Undergrad: 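One structure is given below, represented as structure tokens, and several questions about it will come after.
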Amino acid sequence: MPHNGKLYIETVGCQMNVLDSELVVAALRQQGYALTDDMKEADTVLFNTCSVREHAEQKIYSQLGRLRVARKKKPDQVIGVIGCMAQKDQELIFQKAPHVDLIVGTGQLAEIPRLIDEARRDRKPAIAVSLDRKEGSRLDVASSFESYDPLRDPEMRPSPWQAYVRIMFGCDKFCTYCVVPMTRGPEQSRAPSEIIREVQALVAQGVREVTLLGQTVNSYKFTENGRQSRMSDLLAAIHDTPGLQRIKFVTNFPKDMTDDLLQAIRDLPKVSRYLHVPLQHGCDEVLKRMKRGYTVTDYRDMMARIRETVPGAAVSSDFIVGFCGETEEAFQKCMDVVREFRFKNSFIFKYSPRPGTKANELWSDDIPEEVKRRRNNELLTLQNEISEEDNAEFLGRTVEVLVEGPSKRTTKAKGTTSGQMAEDANLNYPMPGVVESAVLAGHVHRDHDHDHDDAGCDTGCGTGALVSLDLGRSGSTVAAAAPRTEPVQLVGRTPCDRIVVFDGQPRLAGSIAEIHVHDCTPTTLLGSIVTRQIQHGNETLLPILM
Ligand code: SAM
Ligand code: SF4
């Protein structure tokens with residue numbers, strides 16, 4: 001039965017959650033729901049949750065607390081908690097927040113439209129979660145995490161040229177600090193034929209850049225018709241999609257960075273030369289207790305192979321500081337590896353003990369909060385210095401940028417909804433397109449201990465009227481006849497995932513532009529659009545005059 005209800009959805013966490021929200025919203029919109037930005041006026045409120053750190057859960061419980069009072073004025077409102085926290089806490093959520101109507105885990109999202117209808121009709125709490133990892137055989141548990149039918153709705157992506165594509169579900173690595181193997185279930189790769197069909201459908205809808213998602217994306221493996229496909233095979237197959245311009249993938253696991261994958265990145269021009277490969281710590285003893293399965297020497301060897309096979313590749317990392325028993329000496333080893341490997345950027349998290357994990361069972365959370373904070377800040381300061389030095393190498397150079405749209409500064413200044421949402425999101429975790437997804441999904445909150453920003457600097461850049469543009473490899477054209485509007489600050493990313501801001505016409509969004517870089521911050525390159533002028537066979541790059 002069609003609805004005319006209003007849906008408010010709030011998303012916390014990683015790119016997987018952003019994608020899940022896109023799919024849930026697409027399914028509900030097909031039933032007639034319209035998105036609203038106002039939680040109080042919504043008939044249905046959904047929180048798509050994260051359990052990776054305690055802070056992310058606290059945010060949801062405090063939002064639920066606020067709704068308890070509002071609910072009295074709107075008794076028909078249906079409130080649902082979905083995603084990782086729903087799978088992890090299950091009935092506990094009803095105990096802590098009795099006004100919640102629905103609890104739906106990551107493996108049951110397809111049930112949401114039906115459960116909302118039932119909750120509204122019967123006013124009885126409903127729960128749909130998958131089996132816990134110890135509740136059955138691996139196969140039983142895996143099949144209880146249903147793969148969510150990738151219903152893609154172009155209307156649901158305010159960025160029509162960027163999309164996430166899930167290639168794997170779950171995780172089997174069981175790092176001792178991490179809750180993901182419990183909240184997302186066993187590792188399962190999707191069939192290449194299914195993934196390729198989804199990419200083709202997305203490209204037909206106008207998508208130019210896909211980001212392939214998996215918790216350990218480079219462990220991808222699938223046997224179909226007697227033939228095993230690895231990540232390198234999948235990239236090659238996706239690469240053939242006409243109209244697709246860029247392929248990115250996150251997150252990589254260091255031990256699974258095989259030579260065939262590096263060669264594929266080197267040989268396939270559409271594949272971004274950017275690798276997010278979290279090292280997590282610089283001390284072998286800590287890595288062992290984290291059960292990461294590699295040493296710093298192994299990681300060093302991997303870095304050497306990356307540098308040798310894919311020269312110029314940008315590598316970024318995650319680190320956890322203040323893990324149980326982390327001595328000052330061990331922490332200094334994190335500083336050493338950041339100096340040595342010179343990551344493009346690092347995401348640094350304070351250790352948060354998680355119920356159900358081995359680390360929580362075996363060791364006490366013995367590093368005081370102020371020590372965690374200090375170590376976090378020291379590592380971040382060091383990384384920022386390196387990132388700025390690294391970005392400075394681009395000064396005076398011209399980079400190719402896929403234009404994503406107005407920068408955070410522009411949307412904020414215009415006071416648009418997307419500006420508000422971009423403001424809520426911490427945009428720089430390796431999740432291109434999250435600004436757009438944030439718009440789609442209502443609100444996205446990142447739970448990071450630092451802030452990166454897509455236009456964190458106030459320097460204005462580039463002026464004048466658009467003359468022409470080099471549109472890069474694809475040869476696609478910007479709608480030349482599109483109406484002229486005032487130039488605004490735009491944001492885009494290079495093939496190595498560096499964020500670039502520059503002034504230009506909003507209509508450039510979705511095209512490839514060449515940008516001359518003339519300034520930088522640790523997180524951002526600042527530049528002006530250039531155009532090519534060919535005179536007597538000599539090609540010169542000129543800044544565009546607007
Ligand atoms: N699968 C990815 C990997 O192995 O690199 C990471 C996925 S996890 C959702 C994202 C990041 O959160 C991790 O890389 C780790 O740095 C951080 N993280 C995970 N559990 C954490 C915890 N209990 N406390 C603090 N940070 C944590
Ligand atoms: Fe968590 Fe480790 Fe799996 Fe990443 S690889 S999701 S950190 S268990």
Side-chain angles (χ1 to χ4, degrees), residues 18 37 157-162 209 344-345 347 380 384 387-388 391-392 394-395 398-446 448 450-466 469 478 482 484-494 496-530 543-546:
V18 173
D37 212 17
R157 279 193 309 278
S159 164
W161 43 88
Q162 290 170 303
E209 174 188 288
K344 172 176 89 80
N345 57 289
F347 300 93
L380 190 58
N384 277 345
S387 299
E388 188 157 8
N391 276 348
F394 286 83
L395 296 181
T398 297
V399 293
E400 185 194 273
V401 162
L402 175 65
V403 185
E404 293 180 4
S407 72
K408 186 173 164 183
R409 192 176 83 180
T410 305
T411 45
K412 200 169 152 190
K414 285 185 184 286
T416 60
T417 313
S418 63
Q420 183 55 53
M421 288 163 180
E423 190 59 12
D424 284 346
N426 184 338
L427 300 172
N428 204 22
Y429 197 67
M431 45 192 302
V434 75
V435 186
E436 290 75 25
S437 303
V439 176
L440 146 79
H443 290 265
V444 175
H445 297 285
R446 312 274 322 148
H448 290 159
H450 58 271
D451 187 38
H452 288 260
D453 169 329
D454 68 349
C457 132
D458 291 327
T459 316
C461 51
T463 50
L466 185 67
L469 265 185
V478 172
R484 265 184 66 122
T485 48
E486 284 302 303
V488 296
Q489 191 184 63
L490 300 173
V491 63
R493 287 185 196 236
T494 68
C496 286
D497 207 53
R498 288 186 164 81
I499 295 169
V500 187
V501 295
F502 51 95
D503 280 2
Q505 298 285 343
R507 69 182 177 195
L508 295 179
S511 64
I512 301 269
E514 290 196 340
I515 307 295
H516 183 74
V517 178
H518 52 65
D519 204 351
C520 71
T521 72
T523 54
T524 312
L525 301 176
L526 302 121
S528 332
I529 297 177
V530 294
I544 279 185
L545 301 171
M546 299 220 195

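Note that the structure is predicted; figures quoted are calculated from it, not measured. Numbers here are sequence positions counted from 1.
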Undergrad: Hey, could you give me the CD/OG1 distance between Glu388 and Thr524, rounded to the nearest 0.5 Å?
TA: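 Interatomic distance, Glu388 CD to Thr524 OG1, rounded to 0.5 Å: 10.0 Å.
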
Undergrad: Determine the minimum heavy-atom distance between Val488 and Pro506, stating which atoms define it.
TA: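 So the two residues come closest at CG2-CG, 3.9 Å.
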
Undergrad: Of all the heavy-atom pairs spanning Asp503 and Gln489, show the shortest one and how long it is.
TA: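 In terms of heavy atoms, the two residues are closest at OD1-CA, 3.5 Å.
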
Undergrad: If you take all heavy atoms of Phe502 and Val491, which pair is closest and at what distance?
TA: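 The answer is CE2-C, 4.3 Å.
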
Undergrad: Determine whether Ile529 and Ile515 make a side-chain contact, defined as any pair of heavy atoms from C-beta on separated by less than 4.5 Å.
TA: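 They are in side-chain contact.
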
Undergrad: Can you tell me how far CG of Leu490 sits from CZ of Arg507, rounded to the nearest 0.5 angstrom?
TA: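 Nearest 0.5 Å value for the CZ-CG distance: 11.0 Å.
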
Undergrad: Output the distance between atom CZ (Phe394) and atom CG (Asp519), rounded to the nearest 0.5 Å.
TA: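 Separation between the atoms: 14.5 Å.
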
Undergrad: Kindly give the heavy-atom pair with the smallest separation between Cys520 and Leu395, and that separation in Å.
TA: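 That closest heavy-atom pairing would be N-CD2, 4.1 Å.
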
Undergrad: Any donor-acceptor pair under 3.5 Å linking the side chain of Ser387 with the backbone of Lys344?
TA: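 Answer holds: yes.
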
Undergrad: If we ignore hydrogens and angles and just use 3.5 Å, is the side chain of Asn391 paired with the main-chain N or O of Thr521 as donor and acceptor?
TA: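 Confirmed, Asn391 side chain pairs with Thr521 backbone.
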
Undergrad: Please report the closest heavy-atom contact between Ala509 and Gly405, naming both atoms and the distance.
TA: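 For Ala509 and Gly405, the tightest heavy-atom pair comes out as CB-CA, 3.9 Å.
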
Undergrad: Find out whether Thr523 and Ile499 are in side-chain contact, i.e. whether some heavy atom of one side chain is under 4.5 Å from a heavy atom of the other.
TA: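 A side-chain contact under 4.5 Å is absent here.
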
Undergrad: Would Val403 and Trp161 count as a side chain to side chain contact (heavy atoms under 4.5 Å, CB included) if you check the C-alpha gap in whole Å, the side-chain angles of each, and the deciding distance to 0.1 Å?
TA: CA-CA 10 Å; Val403 185; Trp161 43 88; over 6 Å; no

Undergrad: Between Thr494, Leu526, Val399, which is the residue that forms a side-chain contact (heavy atoms from CB on, under 4.5 Å) with Val517?
TA: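 Result: among Thr494, Leu526, Val399, Val399 is the only option passing the side-chain contact (heavy atoms from CB on, under 4.5 Å) with Val517.
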
